[in-house]
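Single-structure report; data block below.
The sequence lines fix the lettering, A, B, ..., with proteins before strands; numbering per chain opens at 1. Remember, predicted model here, so these are calculated numbers, not experimental data.
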Amino acid sequence: MSESETVRSYTVRLELVDEPGELLRALEPVADNGGNLLSIFHERGNVTPRGHIPVEVDLEATPERFEVIVEALRDAGVNVVRAGSEEYSEELVVLLVGHLVDTDLSDTLSRIEDCGGASIDDVALSAPDGTDELSSARIRMDTHAGAAEQALATVREVADEKGLDVVEPLAGGGEP
Amino acid sequence: MKLAILGAGAVGRSVAELAGEYGHTVMALADSGGAAVDADGLDVDAVLERKRESGAVGDGTVEAALEAEYDALVEATPTTLSDAQPGFGHVRAALERDRHVVLANKGPVAERYDEVRALAADSRGEVLFEAAVAGAIPTLSTINSFGAERVTAVRGVLNGTANFVLSRMAAEGLDYEHVLAEAQDLGVAEADPSFDVEGTDAALKCAILANVLYGGGYTLADAEVAGIRSIPGSALELAAEDGRTVRLIGEVADGEVRVGPRLVPEHGTLAVGGTTNIVQLETEHAGRLNISGAGAGGPETASAVLADVGRLSPPDAR
């Protein structure tokens, strides 16, 4: 099936014993089985109740390979606490206001995507007074594992440089 | 309790009018145009009548009002930035006389909180300022009842004028200038609305909240502030197509203070309409709490002032 060719991003949460070489040992099964490591969040200062160190690994792989990777991690004796994609993918919607067309909207969008943490799903542009006047855009993105803040930071940076205003989603609040 | 009230705007006048009902006596009432002081207690109706007719509450001076015999000073003069004067000086004068202070004026606790705390520490007088944050909504007393260290974040709609403008723009498909003019006609917005629509007022309230949550150290300058002037109707339409709307939200979390337009669910808790304010608290053990109500208005804000007066230690225990 062509579905199986699709590379997706996943987050794996591991608990490592605090011993030299433990992190490297945990990452080997990822690379050995065709996973593409995106980021590693090593919470060195945190310790789980069992005295282990939590590590979050973001990686890209096809669904089949991802299953093989999780199995290989467990075979290698690494404690996999959670593994998955859906629960980690986060939708992010922002509004941009300003001279969007004059400031090269497609460049704005590609720079947001280039930050690595987000893919743009959908863009709606409204320029009721013509493209020379102020216009608004609604941008819907999918961000993975903990990358929403990074994507938002990129949006702010690009908007700031181009003199655009950003209406951010309210983080954490607002839902009933 | 014996009260001296500084400021005879909507809030100061309402405090004076309602004081008797709450069992208090008004000993002095002053504003920038003059003062009325009476050691036997003022005839509030007569003083306010005089203010309506002549523009001044009396022939006395603010200094005379500050020196009058009172247990608690109600500071309801207009909020000023930076040095927060003359409000700060009034607070100092009362505390140096070991009198209580209840503030509706945001300036002293937003811009000079640490100094106010230091003055209060050296005084037998106490300082309360419930009315300075979100008018009638019991924000600070709720935080205090949970314990500031168990409140992890506070966010909300803290400016009724900006909220009126945004909710009317979204509901009627009108642009900013049009709705602002309507708000000014209704008396919801000032002739110079910048304090409200540029986010300054909400940011002052957030600075006060940050001071309460983190034990001081914050001023307006520590807040990241954006207003709503630049939001066109088209942005609100795009938000609505997606089941969302825009509100001017103040947030205090993780040591940071931010005020700006934010996307919120159209029918979500924070999308209050008109001039309503809402405060949302995140607590360590009790989850999320939402309190909404009137964020401004004379009697509404005066009720918060008088609730504070009721919390003060009795004069003989002072």
Side-chain angles (χ1 to χ4, degrees), chain A residues 90-103 105 108-109 112 118 120-143 146 148-149 151-153 155-160 162-176, chain B residues 152-157 166 169-170 173-177 199 224 226-254 256 258-272 278-282 287-290:
Chain A
E90 210 180 309
E91 186 189 68
L92 183 65
V93 178
V94 299
L95 298 179
L96 285 181
V97 177
H99 291 282
L100 296 166
V101 180
D102 290 350
T103 56
L105 183 59
T108 304
L109 298 177
I112 293 169
I120 292 175
D121 283 346
D122 157 79
V123 177
L125 180 70
S126 173
D129 303 314
T131 53
D132 292 339
E133 295 300 315
L134 281 187
S135 48
S136 309
R138 185 188 65 230
I139 303 170
R140 188 198 312 279
M141 296 167 258
D142 253 337
T143 65
E149 193 46 48
L152 211 46
V155 172
R156 282 184 209 131
E157 188 187 311
V158 176
D160 190 46
K162 297 189 174 196
L164 307 173
D165 288 312
V166 186
V167 180
E168 296 175 18
L170 183 65
E175 301 296 340
Chain B
T152 53
V154 183
R155 63 179 79 85
V157 171
L166 287 172
M169 282 174 72
L174 298 169
D175 62 23
Y176 171 82
E177 297 299 336
E224 182 188 320
I228 61 162
R229 243 189 242 272
S230 61
I231 311 267
S234 60
L236 289 162
E237 279 166 28
L238 287 173
E241 281 171 16
D242 199 42
R244 294 164 210 260
T245 192
V246 177
R247 287 292 182 269
L248 183 68
I249 303 284
E251 297 173 80
V252 180
D254 303 322
E256 290 187 10
R258 299 178 74 210
V259 173
R262 302 278 182 262
L263 277 166
V264 297
E266 197 172 9
H267 303 294
T269 315
L270 292 180
V272 289
I278 181 163
V279 175
Q280 186 170 75
L281 305 178
E282 300 285 351
R288 177 178 291 173
L289 287 103
N290 299 295

Any idea which heavy atoms bring [X] and [Y] closest together, and the distance?
X      : Y      : value
B/S234 : A/S136 : OG-OG, 2.7 Å
A/R140 : B/D242 : NH2-OD1, 2.7 Å
A/V97  : B/P232 : CG1-CD, 3.3 Å
A/L95  : B/A239 : CD1-CB, 4.2 Å
B/P261 : A/V167 : O-CG1, 3.6 Å

Pair B/E224 + A/R156: basic N to acidic O under 4.0 Å:
no

Any salt bridge linking B/R244 with A/E91? Criterion: basic side-chain nitrogen under 4.0 Å from a carboxylate oxygen.
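Result for this pair is yes, salt bridge flagged.
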
Can you find a heavy atom in the side chain of B/R258 that is under 4.5 Å from one in the side chain of A/E168?
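In short, these two side chains touch, coming nearer than 4.5 Å.
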
Between the CG atom in A/L96 and the CG atom in B/L238, the distance rounded to the nearest 0.5 Å is 10.5 Å

For B/E251 and A/L170: C-alpha separation, side-chain torsions, deciding distance, then whether side-chain contact (heavy atoms from CB on, under 4.5 Å) applies.
CA-CA 9 Å; B/E251 297 173 80; A/L170 183 65; 3.5 Å; yes

Quick one: what part of A/A137 sits under 4.5 Å from any heavy atom of chain B, side chain, backbone, both or neither?
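Backbone only.
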
A/V93 versus chain B, the contacting section by heavy-atom distance below 4.5 Å:
both

